[in-house]
**Student:** 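Dropping the structure in here first, questions after.
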Amino acid sequence: MEKFITHTGIAAPLLRNNIDTDAIIPSREMKTVSKLGLCDGLFAVWRYLDEKARIPNPDFILNQPGYADASILISKRNFGCGSSREHAVWALKEYGFKCIIAESFGAIFYRNCIANGILPIQLSSEKIDQILRHKNNEIDIDLRSQKISFAGESVVFELAGNDRESLLEGLDPISSTLQLSEEINAFRNADQKKRTWLY
Amino acid sequence: MTSSLFEKLWQVHVISELGDSEYLLNIDRVFLHERTGSIALLSLEESGRTIASPENVFCTMDHIVSTRLGRNDNTEMPGGEKFIQATRQAAERAGIQLFDLTHPDQGIAHVVSPELGIAQPGITLVCPDSHTCTLGGLGALAWGIGSTNAEHALATNTLRVQKPKSMRVNFNGTLSDGVSAKDMIIHLISLLGTAGGSGYAVEFAGEAISNLSVEARLTLCNMAVEFSAFTGLVAPDEKTIEYVKGRPYAPSGEQWDKAVAHWQTLHSDPNARFDQEVNIDCKDIKHSVTWGTSPQDAMPANGQVPNPDELQDISSTRREAMQRALQYMALTPGDDINSVKIDAAFIGSCTNSRLSDLRLVADFLRGKKVADGVSAICVPGSSRVKREAEAEGIDKVLIDAGFEWRESGCSMCFYAGGETFGPNKRVISSTNRNFEGRQGPKTRTHIASPLTVAASACAGFIKSA
Ligand code: SF4
């Protein structure tokens, strides 16, 4: 997986609570058994006036001047709630998003971000407002120092140590876990003697 | 030491502590479906890895399959057959149990796994589907994950999990007549908001929970994810043990006795501590229906649509969201919800499509008719539920009343590009999500209990039974 160490990019505000994964990518846009080819369907309902003909809705933030190349998304509470579809993260990633900043996240979506090298940053509404006040919306994110900088100001954020390590190193969690095979087997052998009915 | 139910379930599965409150947990069972499970299986194959314990992995076809009678691989969703065929082939190559389209045990993952005894008290079960929390109703630690984490579970029998905090919601007192588990969970979410359970494993307890049937507990826990909880839980009791007994994948003989002895330890000790505790008085819970586009936008099924401008203690974001929801739902503040006409009624989904739900609906519908102009559809949660309902004549009662009777699957619980009730159509639905577009572009969904759906179908407008 690609490492996330620092990133500089345009931050697009999508300021609503409870943006669910159905809104991030509608089910009908998940057309093939693949993680690819999803970014066209990203935010399809909001992004297009006519979804079939893909006619852009000029009111939608990513269609507004200066935001088409956004790589950071800023939202409010409970971003990515709802369906577990990892397609939401795959679509965001394919569009070019590297980082999502929100007041809080849907738990499964949050895990899916980490699994795909996207940085989910949880910030208070005050800190989010501070970033939003900054008009020239290119911001710098440094995961090593857990700091977001913009126009001479900065805010700090916190990410759980393991998640930070996994993003900084671009670790593949399955490989890391497979290295613990001995421990896993020992556990399961012992468990098999206790919970005999499950093995 | 006193422990909570959640703590006990957690401890049984901890292989090691990875630091920063992340743990490596043993995963007992994995369930997959053709929508997201197919990708997990294919991606695992591509990486050259194999499933560590294929005997503990199960897969069903529920999301995309057609629910029309006489169905085959062709689906309402354009290109849906690709998912079905890819899943079938991948499941075969992986050597896992598949409940294929024509298999007698096919059905919605979260309906099939308890009815077959695959989900049991005390186990960890994961599935790349957010409503996996349903199985907490049996006292299983079960939660939804993404496809990549499903791959992780398949390849290693484990998952790396951030330990959630614990919450207990006590439902005190007894429920009013006809008020159901669905009304309880909608009430809770409307009280504390859709983010109310964020970061918590939530145990549901209290007199009203003990009184619920096991199937009703599954309904309750089904919507724990709508409360943003890591999962929902109900301590297994005699009813649970009775429910699991004799099911195809349940332990038997000597193994059964051992399992039961373990299950009987799975409850919160009297002085167990929780990070948060919430008390709900059951007499406050009414027949509920949602008016907006989030499960927290709920109200009594005979009340008035709220007015965001009159609410003092809400944020501006919430006020805007409410206005937006009212606009999407084409409702005016102050409207009597009972006067709102419906175009369709849907009974189905992993929330409310089990035999007990269908029995309740049939009892209500006996001798009644669906109102003119209302298209009413019932989709049993599994092929087994369908057979059992037919053996009791439930299908006949529903068909006589004017309902369409389908094969099992997720069907119009969500829109995959195929079937929908149509734009601007108003649907009363026994499902769990009323998001914008969930049942189709511009379709307006009101979620409610099966009884409220049936009563509304007959009235032609939203009505509590
Ligand atoms: S019935 Fe609906 S909510 Fe349940 S698994 Fe299927 S699509 Fe998801």
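The analysis underlying the following values was restricted to heavy atoms, covering all of them including side chains, and did not include hydrogens, waters or symmetry mates. Below, chain A is the first sequence line, B the second, and so on; all start at residue 1.
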**Student:** At a heavy-atom separation under 4.5 Å, does Ala321(B) approach chain A through its side chain, its backbone, both, or neither?
**Tutor:** neither

**Student:** Could you verify whether a donor N or O on one side chain and an acceptor N or O on the other, from Arg35(B) and Ser27(A), lie under 3.5 Å apart?
**Tutor:** yes

**Student:** Looking at Gly144(B), Ser147(B), Ser315(B), Gly417(B), which has the largest count of heavy-atom pairs under 4.5 Å with chain A?
**Tutor:** Ser147(B)

**Student:** If you count heavy-atom pairs under 4.5 Å with chain B, which of Gly82(A), Ala190(A), Ser181(A) comes out on top?
**Tutor:** Gly82(A)

**Student:** Quick one, Thr32(A) with Lys82(B), criterion side chain to side chain contact (heavy atoms under 4.5 Å, CB included). Give me CA distance, side-chain angles, the key distance, then yes/no.
**Tutor:** CA-CA 7 Å; Thr32(A) 57; Lys82(B) 281 188 286 206; 4.1 Å; yes

**Student:** Would you mind checking which part of Asn112(A) comes under 4.5 Å of any heavy atom in chain B, side chain (CB onward), backbone (N, CA, C, O), both or neither?
**Tutor:** side chain

**Student:** Report yes if some heavy atom in the side chain of Arg160(B) is under 4.5 Å from a heavy atom in the side chain of Thr177(A); otherwise report no.
**Tutor:** yes

**Student:** Rounded to the nearest 0.5 Å, how far does CZ of Phe414(B) lie from CZ of Arg85(A)?
**Tutor:** 7.5 Å

**Student:** In terms of relative ring orientation, are Trp197(A) and His262(B) parallel, tilted or perpendicular, with 30° and 60° separating the classes?
**Tutor:** tilted

**Student:** Checking Lys76(A) against chain B: side chain, backbone, both or neither under 4.5 Å from a heavy atom?
**Tutor:** side chain

**Student:** Between Phe230(B) and chain A, which part of the residue has a heavy atom less than 4.5 Å away: side chain, backbone, both or neither?
**Tutor:** neither

**Student:** Measure the spacing between CG of Leu44(B) and CD1 of Ile174(A) and express it to the nearest 0.5 Å.
**Tutor:** 6.5 Å

**Student:** Within a 6.0 Å radius of atom CD on Glu158(A), are there more than 12 heavy atoms belonging to other residues, nucleotides or ligands?
**Tutor:** no

**Student:** Who wins among Gln162(B), Lys258(B), His63(B) for the most heavy-atom pairs under 4.5 Å with chain A?
**Tutor:** Lys258(B)

**Student:** Will you find, in the side chains of Asn18(A) and Ser294(B), an N or O donor that is under 3.5 Å from an N or O acceptor?
**Tutor:** no

**Student:** Under a 3.5 Å cutoff, is there a donor and acceptor pairing between the side chains of Arg188(A) and Asn26(B)?
**Tutor:** yes

**Student:** Please find the pair of heavy atoms, one from Ser83(A) and one from Ser130(B), that lie closest to each other, and give the distance.
**Tutor:** CA-OG, 3.6 Å

**Student:** How many angstroms lie between atom CD1 of Ile15(B) and atom CG of Leu180(A), to the nearest 0.5 angstrom?
**Tutor:** 8.5 Å

**Student:** Where is the tightest heavy-atom contact between Val12(B) and Phe187(A), given as atom of each residue plus distance?
**Tutor:** O-CZ, 3.3 Å

**Student:** Please state whether the side chain, the backbone, both or neither of Ile39(B) comes within less than 4.5 Å of a heavy atom of chain A.
**Tutor:** both

**Student:** A quick test of your reading: do over 12 heavy atoms of other residues, nucleotides or ligands sit less than 6.0 Å from CG of Asp129(A)?
**Tutor:** yes

**Student:** Looking at Asn162(A), Leu159(A), Asp163(A), which one forms a side-chain contact (heavy atoms from CB on, under 4.5 Å) with Asp20(B)?
**Tutor:** Asn162(A)

**Student:** Heavy-atom cut-off 4.5 Å, strictly under: side chain, backbone, both or neither for Leu24(B) against chain A?
**Tutor:** side chain

**Student:** Which atoms of Ser34(A) are under 4.5 Å from chain B, going by heavy atoms: the side chain, the backbone, both sets, or neither?
**Tutor:** backbone

**Student:** Which atoms of Ser47(B) are under 4.5 Å from chain A, going by heavy atoms: the side chain, the backbone, both sets, or neither?
**Tutor:** neither

**Student:** Taking all non-hydrogen atoms of both residues, which atom of Leu42(B) and which atom of Val33(A) are closest, and how far apart?
**Tutor:** CD1-CG1, 3.4 Å

**Student:** I need the residue from Thr196(A), Asp172(A), Asn17(A) with the largest number of non-hydrogen atom pairs under 4.5 Å to chain B.
**Tutor:** Thr196(A)

**Student:** Heavy-atom count around Lys163(B) NZ within 6.0 Å, excluding the residue itself: above 12?
**Tutor:** yes

**Student:** With a 4.5 Å cut-off on heavy-atom pairs, point out which of Ser176(A), Pro26(A), Ala23(A) contacts chain B the most.
**Tutor:** Ser176(A)

**Student:** Looking at every heavy atom in both Gly146(B) and Ile108(A), which two are closest together, and how far apart are they?
**Tutor:** N-CG2, 3.7 Å

**Student:** Can we say Asp20(A) and Arg438(B) salt-bridge, meaning some charged N sits less than 4.0 Å from an Asp/Glu carboxylate O?
**Tutor:** no

**Student:** When you measure from the side chain of Glu86(A) to the backbone N and O of Thr148(B), does any donor-acceptor pair fall under 3.5 Å?
**Tutor:** yes

**Student:** Specify which of Arg433(B), Glu320(B), Met77(B), Arg29(B) makes the most heavy-atom pairs with chain A at under 4.5 Å.
**Tutor:** Arg433(B)

**Student:** Check whether Ser125(A) gets within reach of chain B through its side chain, its backbone, both or neither, counting any heavy atom under 4.5 Å.
**Tutor:** neither

**Student:** Can you tell me which of Pro441(B), Ser252(B), Pro251(B), Ala259(B) forms the most heavy-atom pairs within a distance under 4.5 Å of chain A?
**Tutor:** Ala259(B)

**Student:** At a 4.5 Å cut-off on heavy atoms, which part of Asn157(B) comes close to chain A: side chain, backbone, both, or neither?
**Tutor:** both

**Student:** Kindly compute the distance separating NZ (Lys31(A)) from CZ (Phe83(B)), expressed to the nearest 0.5 Å.
**Tutor:** 10.5 Å

**Student:** Among the options Thr317(B), Thr36(B), Thr132(B), Leu159(B), pick out the one with the most heavy-atom pairs lying under 4.5 Å from chain A.
**Tutor:** Thr317(B)

**Student:** Which pair of heavy atoms, one from Arg49(B) and one from Ser175(A), lies closest together, and at what distance?
**Tutor:** NH2-OG, 3.0 Å

**Student:** For each of Thr293(B), Thr194(B), Val225(B), tally heavy-atom pairs with chain A at distances under 4.5 Å, and name the one with the top tally.
**Tutor:** Thr194(B)

**Student:** What closest approach, in Å, do Glu151(B) and Lys35(A) show between heavy atoms, and which atom pair accounts for it?
**Tutor:** OE2-NZ, 3.6 Å

**Student:** Who wins among Pro173(A), Ala107(A), Ala186(A) for the most heavy-atom pairs under 4.5 Å with chain B?
**Tutor:** Pro173(A)

